[in-house]
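Counting starts at 1 for both ligands and their atoms, following the listed order.
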Amino acid sequence: MTYLRLMKYPGSKTVMLPELIRIIEESRCKTVVDVFGGSGLISLNLERVAIVYNDLDPGLYNLFLQIHNQPVKLKRLIKQWVDNLYHPGGKSILQNRSRNEVVRREFIAPERQGNSLDIGKGLDPLSYAAETLLRFNTTFGGLGATYSTEREKSPARNIEKVLGTFDQIASKVRNWRIENLDFRELMTKHDSEDVLFYLDPPYPGKEWYNFNFRAHDFHVLKALIDQVRGHYLLNIDDKIPAMTRIFGNPTFTRRYPNRNGIQETRSMEERRKAYYLNFSYNIGSRHPEASE
Ligand SMILES: C[S@@+](CC[C@H](N)C(=O)[O-])C[C@H]1O[C@@H](n2cnc3c(N)ncnc32)[C@H](O)[C@@H]1O
């Protein structure tokens with residue numbers, strides 16, 4: 001099964017996706033609120049539900065908003081930028097290796113590193129969206145210096161893939177409601193019985209995003225899920241004592257082969273994920289790559 005994917009993103013849930021889709025379908029909820037939406041991977045691959053995509057990061061919010069509002073113009077702009085990179089002065093750079101080098105030089109240039117929130121400040125919304133999309137697809141994590149490494153093998157191919165599926169992505173995003181709120185405000189605003197909150201918060205102790213979580217945020221999240229009227233599905237890494245102290249024992253756990261390229265976790269052979277749900281799910285059925 002091929003899934004829609006807009007960008008590479010640290011902590012996105014590719015390997016868990018089949019089971020996440022199944023759990024969400026079993027909830028029979030009419031609306032899914034993707035509270036920590038990130039790359040939008042979950043929202044992009046759900047069918048027959050209304051989607052509320054949210055992320056506190058203004059760059060991601062702007063990207064999805066521009067895909068929603070001006071998909072044709074955005075795609076044209078991205079193609080234009082990429083063409084200018086590949087054909088400087090009308091000269092074609094045909095080899096894939098050369099294309100990768102050109103893309104790397106462009107997106108790992110010193111002026112593009114540092115705080116990605118600053119990068120957006122001087123740009124109009126459409127250019128900021130194109131910049132965000134290209135940066136995430138060419139430098140791991142999209143945060144410039146932190147993750148832009150030679151390990152990112154085929155940035156040119158990533159961009160081409162996104163352009164190839166852009167129309168499909170845009171036709172899904174067209175139906176979304178897109179928010180840019182802190183999870184506290186968002187969950188209070190959208191709480192109702194036929195809503196499912198998908199909760200994939202930032203990792204404890206990691207600084208992978210422009211907005212990260214402290215212990216206090218996890219406590220607030222726990223207090224919120226204890227009182228919501230809606231359904232929730234929360235994922236966090238398993239066997240982190242501080243998390244178990246806050247959230248208690250998970251409903252169930254899974255182990256996945258580690259395909260994560262991020263330095264800090266690369267050496268681990270598997271990833272253990274905890275699932276917390278407030279509705280019933282037949283945990284017997286699962287993705288073949290996962291084990292209990
Ligand atoms: C683990 S990532 C989500 C990955 C996402 N599920 C995906 O598949 O791409 C966590 C996200 O939470 C966002 N975030 C951090 N603090 C937040 C807050 N207080 N409210 C809402 N979103 C927040 C970050 O910007 C980041 O994109």
Side-chain angles (χ1 to χ4, degrees), residues 3-21 23-24 32-46 51-65 67 115-117 119-120 132-133 135-137 140-143 146-147 158 162 169 172-173 176-191 196-225 232-238 240 243 256 259-262 264-265 271 273-276:
Y3 295 106
L4 287 177
R5 187 169 82 153
L6 184 63
M7 60 170 71
K8 301 195 69 147
Y9 198 66
S12 77
K13 296 281 165 285
T14 318
V15 74
M16 299 162 69
L17 198 51
E19 182 152 34
L20 289 173
I21 293 172
I23 299 173
I24 292 170
V32 173
V33 181
D34 197 356
V35 177
F36 304 95
S39 65
L41 183 74
I42 311 299
S43 296
L44 283 172
N45 291 289
L46 293 172
I51 298 288
V52 179
Y53 166 93
N54 177 68
D55 202 287
L56 191 55
D57 190 312
L60 292 174
Y61 167 70
N62 175 65
L63 171 60
F64 284 104
L65 200 64
I67 297 175
N115 190 335
S116 55
L117 298 177
I119 294 170
T132 304
L133 188 59
R135 185 162 29 80
F136 271 104
N137 277 298
F140 199 87
L143 297 181
T146 326
Y147 293 115
N158 291 342
V162 168
I169 289 172
K172 296 209 88 164
V173 174
W176 294 4
R177 176 161 178 180
I178 300 164
E179 300 266 35
N180 181 213
L181 297 173
D182 178 78
F183 70 96
R184 287 155 259 245
E185 194 181 339
L186 181 91
M187 290 177 70
T188 311
K189 181 173 171 187
H190 289 280
D191 192 17
L196 182 142
F197 293 108
Y198 177 60
L199 302 160
D200 182 22
Y203 295 80
K206 305 266 191 263
E207 302 284 328
W208 288 346
Y209 310 106
N210 285 317
F211 298 90
N212 297 290
F213 254 38
R214 304 279 167 267
H216 172 70
D217 298 302
F218 287 106
H219 282 285
V220 174
L221 183 58
K222 167 69 173 151
L224 271 169
I225 60 176
Y232 70 79
L233 164 56
L234 164 70
N235 279 136
I236 38 182
D237 280 357
D238 189 28
I240 299 180
M243 293 295 104
Y256 300 92
R259 299 214 194 99
N260 198 337
I262 296 171
E264 288 101 308
T265 55
R271 290 187 289 166
K273 294 288 172 188
Y275 288 72
Y276 295 81

Exercise for review: Name the option, out of Asp57, Asp55, Thr14, that contains the heavy atom nearest to atom 25 (O) of ligand 1.
Suggested key: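 Closest candidate by heavy-atom distance is Asp55.
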
Write out the residue and atom name of the closest protein heavy atom to [atom], then the distance separating them to 0.1 Å.
{"atom": "atom 18 (C) of ligand 1", "result": "Leu56 CD2, 3.6 Å"}
{"atom": "atom 3 (C) of ligand 1", "result": "Phe36 O, 3.1 Å"}
{"atom": "atom 2 (S) of ligand 1", "result": "Tyr209 OH, 3.4 Å"}
{"atom": "atom 15 (C) of ligand 1", "result": "Phe211 O, 3.1 Å"}
{"atom": "atom 9 (O) of ligand 1", "result": "Ser39 OG, 2.6 Å"}
{"atom": "atom 6 (N) of ligand 1", "result": "Asp200 OD2, 2.6 Å"}
{"atom": "atom 20 (N) of ligand 1", "result": "Phe183 N, 3.1 Å"}

Touching ligand 1 at all, [X]? Heavy atoms, strictly under 4.0 Å?
{"X": "Gly37", "answer": "yes"}
{"X": "Asp182", "answer": "yes"}
{"X": "Asp217", "answer": "no"}

Practice item. Check the angle between the aromatic planes of Tyr209 and Tyr203 and answer parallel, tilted or perpendicular using the 30° and 60° thresholds. Key: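 Rings of Tyr209 and Tyr203: parallel, under 30°.
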
Check your understanding: Any side-chain heavy atom of Ile42 within less than 4.5 Å of one from Leu17?
Key -> yes

Exercise for review: Not counting sequence neighbours, which residues clear salt bridge (Lys or Arg N to Asp or Glu O under 4.0 Å) with Arg214? List them please.
Suggested key: Glu207

Exercise for review: Report the residues that fulfil salt bridge (Lys or Arg N to Asp or Glu O under 4.0 Å) with Asp238, sequence neighbours left out, ordered by chain and then residue number.
Suggested key: none

Exercise for review: Using a strict 4.0 Å cut-off to heavy atoms of Lys13, name the atoms of ligand 1 that fall inside it.
Suggested key: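 Within the 4.0 Å cut-off of Lys13, ligand 1 contributes 8 (O).
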
Check your understanding: Can you list the atoms of ligand 1 that are under 4.0 Å from a heavy atom of Leu41?
Key ->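 Here the atoms of ligand 1 in question are 8 (O).
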
**Study point:** Stepwise ring pair (Phe, Tyr, Trp, His ring centres under 6.0 Å) test for Tyr232 and Tyr276
**Key:** CA-CA 8 Å; Tyr232 70 79; Tyr276 295 81; 8.1 Å; no

**Study point:** For ligand 1, the portion of Leu181 having any non-hydrogen atom under 4.0 Å away
**Key:**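 Only the backbone of Leu181 comes within reach of ligand 1.
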
Review point. Looking only at heavy atoms, is any part of Pro10 under 4.0 Å from ligand 1, and if so is it the side chain, the backbone, or both, or is it neither?
Key: neither

Review point. Between Phe211 and Pro202, what is the shortest heavy-atom contact and its length?
Key: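 Heavy-atom minimum between the residues: O-CG, 3.9 Å.
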
Revision key, fill the gap. What one should report as the nearest heavy-atom pair of Asn137 and Leu6 is ND2-O, 3.1 Å

Practice item. Could you tell me whether the side chain of Asn45 and the main chain of Leu4 form a donor-acceptor pair under 3.5 Å? Key: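 Pair found, side chain donor or acceptor close to backbone of Leu4.
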
Review point. Is it true that Tyr53 and Phe36 have ring centroids separated by less than 6.0 Å?
Key: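 No, the ring of Tyr53 stays outside the 6.0 Å limit from the ring of Phe36, centre to centre.
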
Point to revise | Check ion pair Asp200-Lys13 (N to O, under 4.0 angstrom) | key: yes

